[in-house]
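To start, the structure under review is shown below, and the notes come after it.
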Amino acid sequence: LKEYEERAFFYSNDLSEWGGVKKLCSQVPKLDGVVLNAGGMPEKRRENREGFEFQASSQLFAHYFIMRALKEQKKITKKSPVVWVSSGGMYLKKFSMKELLINEKYDKVATYANVKRAQVSLCEYLVQTKEWSGFSIFSITACSELTTASSIKISHSGLRPMRNRG
């Protein structure tokens, strides 16, 4: 890992507020790849300025906006893998578009599971579009009990290369 330290960057930003996404992307150099982290679960319902629930706004919509901005700014290419880190929590429920967009009865765990389902579905959809044709988009499902980097477990079915070779 020492050989990569000089090329590895961590950028922190409140992704629930989308206004800073393009600016954040403009500050990064051309990237070899992108990892979009899983995110957290606020105890109480929060919304961004646009009225979207915090988890959906920061972990789904903002991640897509980052991908799009990096592509538009030519910071990523078809050779730059994009990895979405999801969670085994998504297996707790079926995806609900209504709960994603309206979410009247906020439950942090159910919301998290729904957003994770949406992430994986979005990745599967994106690689089928003309805009993302040829890009390597991955969805990694990390299992629970993550205490240290060495204890990260990735289920065999969780590493899902989603590549449209068209």
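The shown structure was predicted, so the numbers you read here are calculated from the model rather than taken from an experiment.
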Exercise. For atom NZ of K71, is the number of surrounding heavy atoms from other residues, nucleotides or ligands below 6.0 Å larger than 12?
Worked result: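 Yes, NZ of K71 has more than 12 neighbouring heavy atoms, counting only those of other groups under 6.0 Å.
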With side chains defined as the heavy atoms from C-beta onward, is the minimum distance between [X] and [Y] less than 4.5 Å?
{"X": "T129", "Y": "S133", "result": "no"}
{"X": "M67", "Y": "F135", "result": "no"}
{"X": "V83", "Y": "V34", "result": "no"}
{"X": "D32", "Y": "K79", "result": "no"}

Euclidean distance, [Y] [atom2] relative to [X] [atom1], rounded to 0.5 Å:
{"X": "L15", "Y": "L60", "atom1": "CG", "atom2": "CG", "value": "12.0 Å"}
{"X": "L31", "Y": "I76", "atom1": "CG", "atom2": "CD1", "value": "7.5 Å"}
{"X": "E47", "Y": "S57", "atom1": "CD", "atom2": "OG", "value": "9.0 Å"}
{"X": "K30", "Y": "L70", "atom1": "NZ", "atom2": "CG", "value": "12.0 Å"}
{"X": "R117", "Y": "N114", "atom1": "CZ", "atom2": "CG", "value": "9.5 Å"}
{"X": "S86", "Y": "Q119", "atom1": "OG", "atom2": "CD", "value": "5.0 Å"}

Exercise. Any donor-acceptor pair under 3.5 Å linking the side chain of S139 with the backbone of C123?
Worked result: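 Flag not set: sc S139 to bb C123 has no pair under 3.5 Å.
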For this session: Using atom types as modelled and distance alone, determine if a side-chain donor or acceptor of K78 lies under 3.5 Å from a backbone N or O of S136.
Result: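 No: the side chain of K78 does not pair with the backbone of S136.
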Problem set entry | Closest contact, heavy atoms only, V28 versus C25 |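 Shortest heavy-atom separation between V28 and C25 comes out as CG2-O, 3.1 Å.
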For this session: Treat each ILVMFWY residue as a node, draw an edge where side-chain heavy atoms are under 4.5 Å apart, and state whether F54 and I66 are in one component.
Result: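 Not linked; separate clusters.
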For this session: Quick one: do Q73 and S26 satisfy side-chain contact (heavy atoms from CB on, under 4.5 Å)? Show the steps, please.
Result: CA-CA 7 Å; Q73 297 174 21; S26 71; 3.7 Å; yes
Exercise. Residues two or more places apart in sequence or in another chain: which of them pass side chain to side chain contact (heavy atoms under 4.5 Å, CB included) with V109?
Worked result: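 Residues passing side chain to side chain contact (heavy atoms under 4.5 Å, CB included) with V109: M41, L92, D107.
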Exercise. Mind checking what makes side chain to side chain contact (heavy atoms under 4.5 Å, CB included) contact with Y106, not counting sequence neighbours?
Worked result: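 Applying side chain to side chain contact (heavy atoms under 4.5 Å, CB included) to Y106 gives P42, R45, E53, Q55, N103, K108, T111.
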Exercise. Do any pairs count as a salt bridge (charged side-chain N to carboxylate O under 4.0 Å, His left out) and have a residue in residues 80-89, sequence neighbours left out, and if so which ones?
Worked result: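 Those involving residues 80-89 do not exist here.
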Pairs of donor and acceptor atoms involving the side chains of residues 94-102, under 3.5 Å and at least two apart or interchain, shall be tabulated with distances.
from : atom 1 : to  : atom 2 : distance (Å)
S96  : OG     : E99 : N      : 3.1
E99  : OE1    : K93 : NZ     : 3.0

Exercise. Of all residues at least two apart in sequence or in a different chain, which pass the side chain to side chain donor-acceptor pair (under 3.5 Å) check with E104?
Worked result: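 Not a single residue meets the side chain to side chain donor-acceptor pair (under 3.5 Å) criterion with E104.
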For this session: Can you sort out the partners of E50 under side chain to side chain donor-acceptor pair (under 3.5 Å), two or more places apart, ordered by chain and number?
Result: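 Testing E50 for side chain to side chain donor-acceptor pair (under 3.5 Å), a comparison that skips the adjacent residues, returns N48.
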Exercise. side-chain contact (heavy atoms from CB on, under 4.5 Å) with W84: which of V120, L36, V35, N37?
Worked result: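 It is L36, the one option of V120, L36, V35, N37 that forms the side-chain contact (heavy atoms from CB on, under 4.5 Å) with W84.
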For this session: Using distance alone, with no hydrogens and no angle criterion, decide if K116 and Q59 have a side-chain donor and acceptor under 3.5 Å apart.
Result: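 The answer is yes; a qualifying pair exists.
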For this session: Can you label the angle between the W18 ring and the F65 ring as parallel, tilted or perpendicular, going by 30° and 60°?
Result: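 Plane angle over 60°, so perpendicular.
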